[in-house]
Structures are given as C-alpha cells and as structure tokens.
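Down below is the structure, laid out as structure tokens.
If you're wondering where the values come from, they're calculated on a predicted model, not measured in any experiment.
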There are 2 protein chains.
Amino acid sequence: MKGQDIKEAGLKITLPRLQVLEYFEKHPGEHLTADELFTKLRSENSDIGLATIYRVLNQFETAGLVVKHQFENAQAVYELDTGEHHDHMVDVETGEVKEFFDKQLEELQVQVANKYGYELIDHSMVLYVKKKK
Amino acid sequence: MKGQDIKEAGLKITLPRLQVLEYFEKHPGEHLTADELFTKLRSENSDIGLATIYRVLNQFETAGLVVKHQFENAQAVYELDTGEHHDHMVDVETGEVKEFFDKQLEELQVQVANKYGYELIDHSMVLYVKKKK
DNA sequence: GTGGGTGCAAATAATTTGCACGGTA
DNA sequence: TACCGTGCAAATTATTTGCACCCAC
C-alpha cells in the first residue's frame, strides 16, 4: 500500500498526504506547481487547502519523496522522486519539460569541479531547447 | 564615457542608472541581489530607491548590460554582462559564486540536445561544490 | 485521549506598480 | 517645456505561519 512511504518518512498517514502522493503516482513525469496541484486536487473533489499542499510538499521533499525545481519562473515545480537522478530540458516553444540523463555530461561536471579544486556536491542543469525542423 | 551604454539602450542618462552601472564596473565578478545593491549604493551616499534598482536592473537586463540569475535561493542575483558566456559554481560552505567556462561541457550539451531531436537555445548550469581538503 | 495535521486567513518576502514630483534632453 | 524617470508607499505574487478545530493512532 502506498501509505508506506509516508509512514517511513515519520509522518502520519492522512488523507491530504495520500491525495498528493497518489496524484504524482497517477501522473508520472508531470512537473507541477503547488497551485496547479491545488487546482487539480480540488477538481477531484478534495477539500485540501493550498497551505497544506505547501506543507506536504516540503515534508515530502525533506523525506526524499519529491524533488523541487526552481526553473526560470517564479513558481517552484515538483515531481515524484524516482530515485534516479536526471536533468531537464525545457522546450521554449511549448513550455514542456522533458527529463534526460547523460552519463558523459555527469562525469564531465565532476571533472570540471575537480579541475578547479572543488568536490561536486550537486548540480542543476536545464537545457532550453526547441524542436529541430 | 560609460553613459554611452545607457544611451545605446535607448535610455536617458540619469544619476541612478549611472550609479548602478558604475557599481558593477567598479566591482567586477560580483553577483549581487537588488537589495544588496540598494544597501551598497545607499552607503555610498546615493539616495536611490529600491524600486528604481529593480526598474533599472530590468531595463539593463533587456538591454543586455547585465545578466540575471535565479539560483536556489529566493532572491535573484545580477552581474555585469561581459559578453562572454560562462556558468557558475556555488561553494555550498561559503556561498561564494565562481564563474567558469568549459568548452567540452558546452559542446556536449549541444550534442545531447541534438540526440533528443532538439536544438539548444540556451542553458543554465550551476555546480554546487565544496573545497577539496 | 492527545498530539500532530488541517483549512482558513493573516503574515512575510521579493518584486512590481501607481502617483505626484523632479530632472534630462 | 516635454516627458521620462524617480522615490515612496501601496499592490501583487508566491510561500509561510498562527490558530482553533479535527482525526489518526
């Protein structure tokens, strides 16, 4: 049962938390803002509050259940943490967000950090792209 | 004279605009928030307003005089646009921002975008690092 | 039963905008 | 003199927090 993840995070299994987690699981690959999630859940007859969404997302982020991204825009977007690291491509024409992973790029970043005398802890990389004609 | 850049951007040469531009030119490599710039200029006996800083920075960004970055934190940071593209490394222990450029990384990003059927328009890449012991 | 969890509304933080006045061209 | 530009304060936007009530354990 999915409540397991919530319990393992040291949180009580409550309806709002289940609804948020369930939404992400039912829509794999979606990246949405707190507000978008609020609207979607409300339209599914949930009576969840926006503040709760922010609270739950923060708790889930701390627990490693979701990942938060701050792209160019003001609002942060969240996605389910599949456990597999990946980076993002944003199609500048459609706003669509695509995940990708490139081993060579990852390794090169480690090497570049080393070259400057640093150890790489984390990175964020977003490629802004458009479809080739 | 430095007012030149401002005039070329189609803007009147005013004291606040000169002060902002001058601050960046006198402190090469600095990345600061609107609020930090406000405090610095005020301490230099300017009577510039925070709203004006935001307005001027936006105009300068549009004109290509400064570049705006949104790192993990809430506040955006600005730096003078030297015309040379570079990415950033943030020391997670000190908060220090270092610029770097790696040709191989740049090229690899183009290739990766191509591999997925896209054309690379722009990218943002921030390496979070700490000093090697 | 009790302490954590929730919705709502009010508080914050960063940034933008309205307005009357001031300075540049 | 024309208007654009400015400082200040109020408005906006995204997010957080206080509080009284509620529910999972």
Side-chain angles (χ1 to χ4, degrees), chain A residues 1-23 31-63 65-78, chain B residues 1-23 31-63 65-78:
Chain A
M1 208 278 203
K2 49 182 66 107
Q4 213 49 42
D5 296 330
I6 298 177
K7 191 173 285 179
E8 281 165 13
L11 300 166
K12 279 189 190 169
I13 298 174
T14 63
L15 198 49
R17 288 182 181 142
L18 281 172
Q19 290 171 340
V20 168
L21 192 53
E22 194 174 308
Y23 184 90
H31 297 66
L32 27 68
T33 64
D35 201 62
E36 283 166 352
L37 187 53
F38 176 64
T39 306
K40 304 262 188 182
L41 290 180
R42 283 282 179 148
S43 75
E44 291 179 3
N45 301 318
S46 167
D47 65 344
I48 197 169
L50 181 53
T52 299
I53 300 223
Y54 276 108
R55 276 186 290 238
V56 169
L57 286 174
N58 282 337
Q59 293 157 345
F60 282 7
E61 193 200 1
T62 303
L65 294 178
V66 304
V67 185
K68 177 181 185 176
H69 300 287
Q70 188 82 47
F71 295 149
E72 297 298 83
N73 327 326
Q75 288 135 284
V77 297
Y78 298 82
Chain B
M1 209 276 202
K2 50 184 62 114
Q4 212 49 41
D5 296 330
I6 299 176
K7 190 173 285 178
E8 280 165 13
L11 301 166
K12 278 189 190 169
I13 297 173
T14 63
L15 198 50
R17 288 182 182 143
L18 281 172
Q19 289 171 341
V20 168
L21 192 53
E22 194 174 311
Y23 184 90
H31 297 68
L32 26 71
T33 64
D35 202 63
E36 284 166 351
L37 187 53
F38 176 64
T39 306
K40 303 261 188 182
L41 289 180
R42 282 282 179 149
S43 74
E44 291 179 2
N45 301 318
S46 166
D47 66 342
I48 197 169
L50 182 54
T52 300
I53 301 224
Y54 277 107
R55 276 187 290 240
V56 169
L57 286 174
N58 282 338
Q59 292 158 345
F60 282 6
E61 193 199 1
T62 303
L65 293 178
V66 304
V67 185
K68 179 181 183 174
H69 300 288
Q70 189 84 45
F71 295 148
E72 297 299 82
N73 326 325
Q75 289 134 286
V77 296
Y78 297 83

Rounding to a whole Å, what distance do you find between Leu50(B):CG and dT12(D):P? 19 Å

Is there a side-chain contact between Asn58(B) and Arg55(B) in this structure, where contact means two heavy atoms from C-beta onward sitting under 4.5 Å apart? no

Find out whether Val77(B) and Thr33(B) are in side-chain contact, i.e. whether some heavy atom of one side chain is under 4.5 Å from a heavy atom of the other. yes

Separation of Tyr54(B) atom OH from dA13(C) atom P, in whole Å? 13 Å

Roughly, in whole Å, what's the span from CZ in Arg17(A) to P in dC22(D)? 18 Å

Is Asp35(B) touching bases, backbone alone, or none of the nucleic acid, heavy atoms closer than 4.0 Å? nothing

dT24(C): pairing nucleotide in any strand, Watson-Crick or G-U under 3.5 angstrom: none

Validation row: Leu37(B), Tyr23(B) side chains within 4.5 angstrom (heavy atoms): yes

Measure the shortest side-chain to side-chain distance between Val20(B) and Val66(B) over non-hydrogen atoms and say whether it is less than 4.5 angstrom. no

What is the nucleic acid contact for Ala34(A), judged by heavy atoms within less than 4.0 Å: base, sugar-phosphate only, or nothing? nothing

Closest approach to the side chain of Ala51(A), judged atom by atom: which nucleotide of dC8(C), dC8(D), dT6(C) is it? dC8(C)

Rounded interatomic separation in angstrom, taking CD1 from Ile6(A) and P from dG5(C): 11 Å

Would you kindly give the CG-to-P distance between Leu32(B) and dT15(C), to the nearest whole Å? 13 Å

Take atom CD of Gln59(B) and atom C1' of dT6(D), then tell me their distance rounded to the nearest Å. 11 Å

Within the 4.5 Å heavy-atom criterion, are Phe60(B) and Ile6(B) side-chain neighbours or not? yes

In whole angstroms, how far is the C1' atom of dA14(C) from the CD1 atom of Ile53(B)? 14 Å

Below 3.5 Å between N/O atoms, which protein atoms pair up with nucleotides 19-24 of chain C? Just atom names and distances, please.
| unit_1 | atom_1 | unit_2 | atom_2 | d |
| --- | --- | --- | --- | --- |
| dT24(C) | O2 | Lys12(B) | NZ | 3.3 |

Counterpart base for dC25(D), defined by Watson-Crick or G-U wobble contacts under 3.5 Å: dG1(C)

Grab the CZ-P distance between Phe38(B) and dA13(C) for me, whole Å please. 16 Å

Is the closest side-chain heavy-atom distance between Ile53(A) and Leu41(A) below 4.5 Å? yes

Closest nucleotide among dT15(C), dG5(D), dA9(C) to the Leu11(B) side chain: dG5(D)

Quick check: does any side chain N or O of Arg17(B) sit under 3.5 Å from a backbone N or O of Lys12(B), one acting as donor and the other as acceptor? yes

